[in-house]
Amino acid sequence: MSLKGRTVVLTGGSRGIGARVARELILNRADVVVVGRSEAASASVRHLQGDLSNPGGVAALAAAIAAENPDILINLAGAQYCGPFERQTIDQVYENFMVNLLAPVVLTQAVCPGMKRRGSGHIVNIGSIFGSINYPHFTTYSSAKAGLRGFSEALRRELYGSGIDITYIAPRAVKTSTNSTAVMRLAQTARMTMDEPDSVARQIVEAIIQRKRDVYIGFPERLFVRINALLPRAVDRVLRTETMKAKGLFTS
């Protein structure tokens with residue numbers, strides 16, 4: 001499907017991987033509306049400023065996004081906490097679930113009526129490999145992304161025949177400046193493969209053009225997703241070693 005002239009609303013498009021996705025969309029001649037707390041880096045996009053970390057901000061943006069009548073909504077904005085669950089503040093817990101799960105649900109609900117009336121639309125939810133392989137020290141992030149994966153699957157089934165497509169895309173770790181020191185230290189200790197953001201952005205946009213259903217980026221992570229679904233206890237045993245290694249990073 002060509003993106004030329006399509007109105008695409010992209011949350012989290014002001015920086016990091018989102019800015020790269022916005023650039024790829026522009027190259028494909030889409031009409032891009034970026035949603036974020038800060039101004040978008042590119043003058044070629046329109047900008048909706050707002051905060052997805054609290055109910056009031058989400059409600060305000062939902063109304064503004066619905067008014068755009070987007071052909072495509074990309075829920076990419078994310079919040080991540082890396083560390084022991086018991087050290088996570090209540091504000092960080094709320095932020096992880098609000099930005100990663102509740103905001104995409106509310107924004108999707110806001111645009112669905114217009115898409116249904118037109119008989120066409122596309123919802124793209126950017127999850128994570130950690131939404132299928134729930135990873136220690138990313139407890140709230142992983143569980144929120146798991147919820148986003150489940151939401152995408154359920155909504156796809158509900159909207160069958162409506163003309164609205166649902167795409168769920170799960171990248172693995174990505175090298176961006178938004179990664180915290182804790183994330184980088186844990187990635188090094190666990191020997192995680194981290195993808196280049198430009199490559200991931202291109203794969204995201206290609207999946208949108210092809211209207212794919214579920215996309216898991218990276219091997220062997222795609223294989224581990226299947227193993228975890230069938231043999232979760234086997235994955236438990238593998239991750240115990242990684243968990244023990246990571247504990248040393250958070251002893252202070």
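The structure presented is a predicted model; accordingly, all values stated were derived computationally and were not measured.
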Chemist: Is it the case that the side chain of Asp51 and the backbone of Ser53 share a donor-acceptor pair, with hydrogens and angles ignored and the cut-off at 3.5 Å?
Modeler: yes

Chemist: What distance separates Phe224 CZ from Arg172 CZ, expressed to the nearest 0.5 Å?
Modeler: 10.5 Å

Chemist: Side chains of Met184 and Met194: closer than 4.5 Å at any heavy-atom pair?
Modeler: yes

Chemist: If you apply the rule side-chain contact (heavy atoms from CB on, under 4.5 Å), what do you find for Val225 with Ile133, and how did you get there?
Modeler: CA-CA 6 Å; Val225 166; Ile133 305 170; 4.1 Å; yes

Chemist: Is the number of heavy atoms from other residues, nucleotides or ligands within 6.0 Å of CD (Gln210) greater than 12?
Modeler: yes

Chemist: Can you list everything that forms a side chain to side chain contact (heavy atoms under 4.5 Å, CB included) with Thr89? Sequence neighbours excluded, please.
Modeler: Asp91, Gln92

Chemist: Check this for me, if you would: do Arg157 and Glu153 make a salt bridge, where the nitrogen-to-carboxylate-oxygen distance has to be below 4.0 angstrom?
Modeler: yes

Chemist: Has Arg211 got more than 12 heavy atoms of other residues, nucleotides or ligands less than 6.0 Å from its CZ?
Modeler: yes

Chemist: Before giving the answer on side-chain contact (heavy atoms from CB on, under 4.5 Å), spell out for Leu52 and Met98 the whole-Å C-alpha distance, their side-chain angles and the decisive distance to 0.1 Å.
Modeler: CA-CA 7 Å; Leu52 293 173; Met98 182 63 70; 5.9 Å; no

Chemist: Where do Thr11 and Ile74 land on the side-chain contact (heavy atoms from CB on, under 4.5 Å) test, with the steps shown first?
Modeler: CA-CA 6 Å; Thr11 71; Ile74 307 174; over 6 Å; no

Chemist: Would you say Val58 and Asn54 make side-chain contact, with heavy atoms under 4.5 Å?
Modeler: no

Chemist: Are Ser162 and Ile164 packed together at the side-chain level, in the sense that at least one heavy-atom pair is separated by less than 4.5 angstrom?
Modeler: yes

Chemist: Knowing that exactly one of Val34, Val35, Val32, Thr7 qualifies, which makes a side-chain contact (heavy atoms from CB on, under 4.5 Å) with Arg46?
Modeler: Thr7

Chemist: About how many Å separate CG of Asn96 and OG of Ser142, when rounded to the nearest 0.5 Å?
Modeler: 9.5 Å

Chemist: With heavy-atom distances below 4.5 Å as the criterion, would you say the side chains of Leu239 and Pro136 are in contact?
Modeler: yes

Chemist: Check the angle between the aromatic planes of Phe130 and Tyr141 and answer parallel, tilted or perpendicular using the 30° and 60° thresholds.
Modeler: perpendicular

Chemist: Tell me every residue that passes side chain to side chain contact (heavy atoms under 4.5 Å, CB included) with Thr167, counting only those two or more places apart in sequence or in another chain.
Modeler: His122, Val124, Ile169

Chemist: State, yes or no, whether a side-chain contact exists between Leu148 and Pro104 at a heavy-atom distance under 4.5 Å.
Modeler: yes

Chemist: Any link between Ile204 and Leu27 through a network of hydrophobic side chains (Ile, Leu, Val, Met, Phe, Trp, Tyr) touching at under 4.5 Å?
Modeler: no

Chemist: Would you check, one step at a time, whether the test salt bridge (Lys or Arg N to Asp or Glu O under 4.0 Å) holds for Asp31 with Arg6?
Modeler: CA-CA 6 Å; Asp31 177 17; Arg6 302 273 182 173; over 6 Å; no

Chemist: Just by distance, with hydrogens left out, do Thr140 and Gln88 show a side-chain donor and acceptor under 3.5 Å apart?
Modeler: yes

Chemist: Measuring from atom CG of Leu10 to atom CD1 of Ile65, what distance do you get when rounded to the nearest 0.5 angstrom?
Modeler: 10.0 Å

Chemist: Can a donor-acceptor pair be found, under 3.5 Å and without considering hydrogens, that links the side chain of Arg156 to the backbone of Ile166?
Modeler: yes

Chemist: Checking the side chain of Gln49 only, and the main-chain atoms of Arg37 only, is there a donor and an acceptor separated by less than 3.5 Å?
Modeler: yes

Chemist: Under a 4.5 Å cut-off applied to non-hydrogen side-chain atoms, are Asp165 and Ile123 in contact?
Modeler: no

Chemist: Any donor and acceptor pair, going by atom type alone, linking the side chain of Tyr81 with main-chain N or O of Pro84 inside 3.5 Å?
Modeler: yes

Chemist: Heavy-atom count around Tyr94 OH within 6.0 Å, excluding the residue itself: above 12?
Modeler: no

Chemist: So do the side chains of Leu159 and Lys116 get within less than 4.5 Å of each other, counting heavy atoms only?
Modeler: yes

Chemist: Tell me if a side-chain donor or acceptor on Arg20 pairs with a main-chain N or O of Arg15 at a distance below 3.5 Å.
Modeler: no

Chemist: Is there side-chain contact between Phe97 and Ser143, with heavy atoms separated by less than 4.5 Å?
Modeler: yes

Chemist: Not counting sequence neighbours, which residues clear side-chain hydrogen bond (donor to acceptor under 3.5 Å, both in side chains) with Thr108? List them please.
Modeler: Asn75

Chemist: Could you tell me whether a side-chain N or O of Asn100 sits under 3.5 Å from a main-chain N or O of Ala79, the two making a donor and an acceptor?
Modeler: yes

Chemist: Closer than 4.0 angstrom, basic N to acidic O: yes or no for Lys175 and Asp198?
Modeler: no

Chemist: To the nearest 0.5 Å, tell me how far Ile209 CD1 sits from Glu24 CD.
Modeler: 8.5 Å

Chemist: Around Arg226, counting heavy atoms of other residues, nucleotides and ligands shown, do more than 12 lie under 6.0 Å from its CZ?
Modeler: no

Chemist: Step by step, work out the side-chain contact (heavy atoms from CB on, under 4.5 Å) result for Val205 and Leu3.
Modeler: CA-CA 10 Å; Val205 174; Leu3 298 180; 4.1 Å; yes

